[in-house]
Amino acid sequence: MTGWVKIAGLGPGCEDQITPEVNYALSQSTDVIGYNAYIARIKSRDGLTLHASDNRVELERAKEALKIAADGGKVVVVSSGDPGVFAMASAIFEAVEKGPLEWRNLQIDVLPGITAMLAAAARVGAPLGHDFCAINLSDNLKPWSMIEKRIRLAVEGDFAMGFYNPRSKARPDQFGIALSILRQICGKNTPIIFAHAVSTPFEKIQISNVKAALPEMADMRTVVLVGTSRTRLIDRAGQTPYVYTPRSWLI
Ligand code: SAH
């Protein structure tokens, strides 16, 4: 029996936003590996072993997946959103690079998913309609000084931005620093969108601007979208406005 590893994105939360390709891989698997909260989204069945682990053990989890596949298992490694966006795909390839040579012969496929910032953007209109970037605000794996530098340069380049991992109990204050940088260097009316638990029953979307935004509007289940100098709101009486960034920078 030949094992394989498929690194799959489960999308932002709702079943409808899981791709058929990912559902098919899950149906063919013998083992599913991932963080507890993502494993909780997988239906158990005969012949399937679920391996749930803690959040901070990505490399251990990657090695476990590769070992099981090398022994003939059909392993799906799950992430939320897209597995290549601040998630397990890089961890798997890092483990392959550092691991035994035989792991390089394993069949490894990355199955894309809908990442949080795209799901959030779709809820409000088209705020990412021009050039944009994604920045992880967690300084667990990089220095905070680099995060500040990337925010400043992205604003200088007039990119729209998606902030992942904006604020946690362990990092309660840094998001406030990020907001104060934005207040210094963005136009004060630059739209900022707080999208919490997109596509789940707990979804909450707040549309604000850089001047009025408060750190408490974000938590670990929030992705924050910051507009460009051209991003605008279309007001609709009594209804949530649409937010969009024009296709052309020239208008
Ligand atoms: N691979 C994931 C990102 C993992 S990092 C993806 O592509 O979406 C975890 C961060 O993603 C969270 O802190 C939050 O910023 C964001 N996130 C994930 N799911 C979300 C959702 N349903 N709604 C809002 N933000 C989400």
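All heavy atoms count here, side chains included; hydrogens, waters and symmetry mates do not. Start at 1 and go down the list; that is how both ligands and their atoms are numbered.
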Test of proximity, [X] against ligand 1: N or O pairs below 3.5 Å:
| X | answer |
| --- | --- |
| Pro166 | no |
| Ser79 | no |
| Val85 | yes |
| Ala116 | yes |
| Thr115 | yes |
| Asn165 | yes |
| Asp82 | yes |

[atom]: which protein heavy atom is closest, and how many Å away?
| atom | result |
| --- | --- |
| atom 14 (C) of ligand 1 | Thr222 O, 3.4 Å |
| atom 11 (O) of ligand 1 | Tyr164 CD2, 3.3 Å |
| atom 4 (C) of ligand 1 | Phe86 O, 3.7 Å |
| atom 13 (O) of ligand 1 | Met220 O, 2.6 Å |
| atom 23 (N) of ligand 1 | Val198 N, 2.8 Å |
| atom 2 (C) of ligand 1 | Ser80 O, 3.2 Å |
| atom 22 (N) of ligand 1 | Pro12 O, 2.8 Å |

Would you say the side-chain atoms of [X] and [Y] include a donor-acceptor pair closer than 3.5 Å?
| X | Y | value |
| --- | --- | --- |
| Ser79 | Tyr35 | no |
| Ser53 | Arg61 | yes |
| Trp249 | Asp158 | yes |
| Asn23 | Glu21 | no |
| Glu64 | His51 | yes |
| Asn209 | Asn189 | no |

Below a 4.0 angstrom heavy-atom separation, can you tell me which part of [X], side chain or backbone, both or neither, approaches ligand 1?
| X | result |
| --- | --- |
| Arg221 | backbone |
| Val224 | neither |
| Ala87 | side chain |
| Pro83 | neither |

Would you say that Val5 contacts Leu66 through its side chain, given a criterion of any heavy-atom pair below 4.5 Å between the two side chains?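 Yes, at least one pair of side-chain atoms sits under 4.5 Å.
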Keeping [X] on the side-chain end and [Y] on the backbone end, is there a donor-acceptor pair under 3.5 Å?
| X | Y | answer |
| --- | --- | --- |
| Arg232 | Tyr244 | no |
| His196 | Glu203 | no |
| Arg123 | Ala195 | no |

Where is the tightest heavy-atom contact between Pro12 and Gln17, given as atom of each residue plus distance?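 So the two residues come closest at CG-OE1, 3.0 Å.
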Assess Gly13 for proximity to ligand 1: is some non-hydrogen atom of it under 4.0 Å away?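 Distance cut 4.0 Å: Gly13 fails for ligand 1.
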Any non-hydrogen atom of Ser199 lying under 4.0 Å from ligand 1?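 In this structure, Ser199 fails to qualify as a contact of ligand 1 - no heavy atom is under 4.0 Å.
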What about the rings of Phe132 and Phe159, do their centers lie closer together than 6.0 Å?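 No; Phe159 has its ring centre 6.0 Å or more from that of Phe132.
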